[in-house]
Colleague: 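Quick one: structure below, then a few questions.
Reckoned from all heavy atoms, side chains included, excluding hydrogens, waters and symmetry mates. Order of listing sets the numbers, starting from 1, for every ligand and every atom in it.
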Amino acid sequence: MPSEKTIYLPNSNLFKNAYINTFEQYKELHKHSIDNPEEFWGEIAKQFYWETPIDIDKFCTYNFDFRKGPIFTKWFDGATTNISYNLLDRNVRNGHGDKIAYYWEGNHPDDYSRLTYKKLLEQVCKFANVLKSKGIKKGDRVAVYMPMILESIVTLLACARIGAIHSLVFAGFSADSFAERIMDCNARVLITADGVWRGEKHLALKSICDQAMEKCAKSGHNVEHCIVVSHLGRVTSPAGVQLNQSNKTPMRHGRDEWWQDLIETASSLCYPEWLQAEDPLFMLYTSGSTGKPKGVIHTTGGYMVYAATTFKYVFDYKPNEVYWCTADIGWITGHTYVVYGPLANAATSVLFEGTPFYPDNDRFWRVVEKYKVNQFYTAPTAIRALMKFDNELVQRHNLSSLRVLGSVGEPINPEAWMWYYKYVGNEKCSIVDTFWQTETGGHVITPLPGATPMKPGSASFPFFGVQVVLLDECGKEIEGEGEGYLVFNRPWPGLMRTLYNNHDRYENTYFNKFPGYYCTGDGARRDANGYLWVTGRVDDMLNVSGHLMSTAEVESVLTEHRGISEAAVVAKPHPVKGECLYCFVTTNDHTKFDDKLLNELKKLVRERIGPFAQPDVIQNAPQLPKTRSGKIMRRILRKVAINNRNIGDPSKSFTNEMSVITLQFGQCGN
Ligand code: 6R9
């Protein structure tokens, strides 16, 4: 295993022409972005069309200190623009009309299509006119519950074109969670599809929407229009699976209409609504660890500039390359790096509807080969799931087009990093371990692929315009090496502005703990070379006999063992030690969970971290409970650890955050 000192340099051949190709250049530009944000961001903003230009006096204003008044952030205040205009019309005008915006790859390998920039613009205008005909106007919220199909992209951009605020809810959330979100943002229009195949599983999206709308109606909230994409009829069902008649989509007269019928007669001309830079672009719910989900608000101008800039530099995207982000659009990663960032750069992306495991466990690699993907962006949970299989599944494909491999969502353990680097990237690709949040809008800590020497497991350095601060418990800044709360002392253009209808909660959640700082809720460590290592959510910290440890630290040691593909560690109260370690491990296909393995794991943790960290319990967990974006739900595991069987009906209480929870625990070793 690599140690903290092991460094991998960007491959000089692959990154000769990178936008940023030396670490010195990164450092200089980063310093410039901090010292002179007006010049740095102003230069970038010039590439976009502003109906009313940016006023240098109102370039960026903010207050992060509640003692000085209300918290706020504004970028380019007073300027007006439209993001759909910048992503579509501007690119078409610049000669990219016939360029492919998306290759759509269906769940079944026989289903695929493509969409050019010109066609996308036309579709967006048509659907924007449909929305207008339903009475939707600037500032209205539109609820979206859609799978990974081209119409989803069209929907988001059509909302943006007329200034409506899209509120997309991941199509995997339960009807109850969806209803709660529809009502919270008071949406009167809902866009969905009849259904979708994910692997061999059929999701009846429209009927989930029906239940959600019924729930809303019971609470006095009426959804007036529901527009449904007819999708199932045009795709191939998984072999041998036939939908029965009762799966036919019921449509309620006067409320439900087919997308295809509406679009047919709509005009393909739609003048964009010029929006204030600080007008909301979209909202996206993120689950708080307690209480109601929070509707994170992103605004037009700053988000556009930040999504575009991070995409360009972090993936080093060059014209004519093909980029693929596997994230669902229901997640912020889908918003920023499937939709807005790539389109702002006139990029060609793959939009993938399926799963990594269908029809076979090599589907990802098959798709990379098929489209000659240059930048591939996925989550550690997917990497860990795929590395369980035979490496031959990767090696049978020609992946030589790849240059940049991205990771997002959780700390990537060095073991998974090495596998990704070695087998997927053939030891020549750069890995960008991107740390960010729904709230940050785009990457905030990340390597740049042509510039940053990589350390496996470290998200490395802040992006342009971002200044990282580590604070101790008393709120004192930690200089140099050390571990503490990961916070930021100034805004970058893509930072969220508020929580929908709840500015108080915004201030309390992110700005109350340390006045003057935006608090991420994560911990991080800075090593001797200045590299940042995100250690996970601070609420997940472990304290064993006074030794403070992060879950990431222990999990990364457990997964170093060849037989372990995934691990989750939580604290369990202990009469003597205060807390002890309760570990859940998933073994790979070839490994038996037995005493020998248990002893090896305990020894490994003892050796690598210290005797105090020796786990009290190691439990076999064939599957770990996860959120839909792949984050391990330690909250549930903590309940299992303290033997609290009352975890409720997971389908009710936890579908807020995930589609399926399978808690299948096997033997338990003490
Ligand atoms: C983009 C996204 C945010 C939380 C964040 C942190 C964790 C994301 C990470 C990472 C370590 C990385 N996280 N990326 N931790 N290294 N590269 O995931 O947004 O769903 O809002 O989650 O995810 O804990 O605070 P979101």
Colleague: Please check if atom NZ in K428 has more than 12 non-hydrogen atoms from other residues, nucleotides or ligands closer than 6.0 Å.
Modeller: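 Enclosed.
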Colleague: Looking at ligand 1, does any of its N/O atoms fall within less than 3.5 Å of an N/O of T520?
Modeller: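 Among all N and O atoms of T520, none is under 3.5 Å from an N or O of ligand 1.
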Colleague: Under the criterion side chain to side chain contact (heavy atoms under 4.5 Å, CB included), I'd like the reasoning laid out for Y421 against E427: C-alpha separation, chi angles, the key distance, then a yes or no.
Modeller: CA-CA 5 Å; Y421 183 73; E427 300 187 17; 4.0 Å; yes
Colleague: Using heavy atoms and a threshold below 4.0 Å, how should the contact between R537 and ligand 1 be classified: side chain, backbone, both, or neither?
Modeller: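 Side chain only.
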Colleague: Please classify the T438 to ligand 1 contact at 4.0 Å (heavy-atom distances, strictly less than): side chain, backbone, both or neither.
Modeller: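 It is both backbone and side chain that touch ligand 1.
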Colleague: Tell me which protein heavy atom sits closest to atom 25 (O) of ligand 1, plus the residue, atom name and distance to 0.1 Å.
Modeller: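 So the nearest neighbour among protein heavy atoms is D522 OD2, 2.4 Å.
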Colleague: Just go through G409, G521, G442 and tell me whose heavy atom is the nearest to atom 13 (N) of ligand 1.
Modeller: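 Among G409, G521, G442, the closest heavy atom to atom 13 (N) of ligand 1 belongs to G409.
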Colleague: Relative to the heavy atoms of I332, which atoms of ligand 1 are at a distance of less than 4.0 Å?
Modeller: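 Within the 4.0 Å cut-off of I332, ligand 1 contributes 1 (C), 19 (O).
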Colleague: Is it true that, when you exclude R537 itself, more than 12 heavy atoms of the residues, nucleotides or ligands shown sit nearer than 6.0 Å to its CZ?
Modeller: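 Correct, the count exceeds 12.
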Colleague: Parallel, tilted or perpendicular: which one describes the rings of Y506 and H503, with boundaries at 30° and 60°?
Modeller: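 Tilted.
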Colleague: Relative to each other, are the rings of F282 and Y340 parallel, tilted or perpendicular (30° and 60° limits)?
Modeller: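 F282 vs Y340 ring planes: parallel.
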Colleague: Given that the side chain starts at C-beta and the backbone is N, CA, C, O, which of these parts of T434 lies under 4.0 Å from ligand 1, counting heavy atoms, or is it both or neither?
Modeller: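 Looking at T434 and ligand 1, just backbone atoms fall under 4.0 Å.
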Colleague: How far is atom 3 (C) of ligand 1 from its nearest protein heavy atom, and which residue and atom is that?
Modeller: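 Of the protein heavy atoms, W436 O, 3.5 Å lies nearest.
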Colleague: In this structure, is the centre-to-centre distance between the rings of W41 and Y306 below 6.0 Å?
Modeller: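 For Y306 and W41, the ring centres are under 6.0 Å apart.
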Colleague: Assign the ring pair Y337 / Y377 to parallel, tilted or perpendicular, where the plane angle (0 to 90°) is split at 30° and 60°.
Modeller: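 Because their plane-to-plane angle is over 60°, the rings of Y337 and Y377 count as perpendicular.
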Colleague: Just jot down the ligand 1 atoms closer than 4.0 angstrom to any heavy atom of V534, in number order.
Modeller: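 Taking each heavy atom of V534 in turn, ligand 1 has 11 (C), 15 (N) under 4.0 Å.
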Colleague: Just to confirm my output: which protein heavy-atom neighbour is closest to atom 18 (O) of ligand 1, and how far is it?
Modeller: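 Here the nearest protein heavy atom works out to K631 NZ, 2.9 Å.
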Colleague: Report the nearest protein non-hydrogen atom to atom 12 (C) of ligand 1: residue, atom name, distance rounded to 0.1 Å.
Modeller: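 The protein heavy atom lying closest is E410 O, 3.4 Å.
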Colleague: Over 60° means perpendicular and under 30° means parallel, so classify the ring planes of Y518 and W492, tilted if in between.
Modeller: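 Rings of W492 and Y518: perpendicular, as their planes differ by over 60°.
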Colleague: Side chain, backbone, both or neither: which part of P411 has a heavy atom under 4.0 Å from ligand 1?
Modeller: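 The answer is both, backbone and side chain.
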Colleague: Taking 4.0 angstrom as the limit and counting only heavy atoms of V408, give me the atoms of ligand 1 inside it, by number and element.
Modeller: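 Result: 1 (C).
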Colleague: Under 4.0 Å from a heavy atom of T333: give me the atoms of ligand 1 that qualify, with their elements.
Modeller: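 Once the distances to T333 are compared, the set is 1 (C).
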Colleague: Check R363 with E105, please: is the shortest side-chain N to carboxylate O separation under 4.0 Å?
Modeller: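 Judged by the 4.0 Å cut-off on N to carboxylate O distance, E105 and R363 do form a salt bridge.
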Colleague: Within 45 degrees of the ring normal and closer than 6.0 Å to the centroid, is that where the cationic atom of K455 sits relative to Y531?
Modeller: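 That pair qualifies as a cation-pi contact.
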Colleague: Considering heavy atoms of the protein only, find what lies nearest to atom 20 (O) of ligand 1 and give residue, atom and distance to 0.1 Å.
Modeller: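 Closest protein heavy atom to atom 20 (O) of ligand 1: W331 NE1, 2.8 Å.
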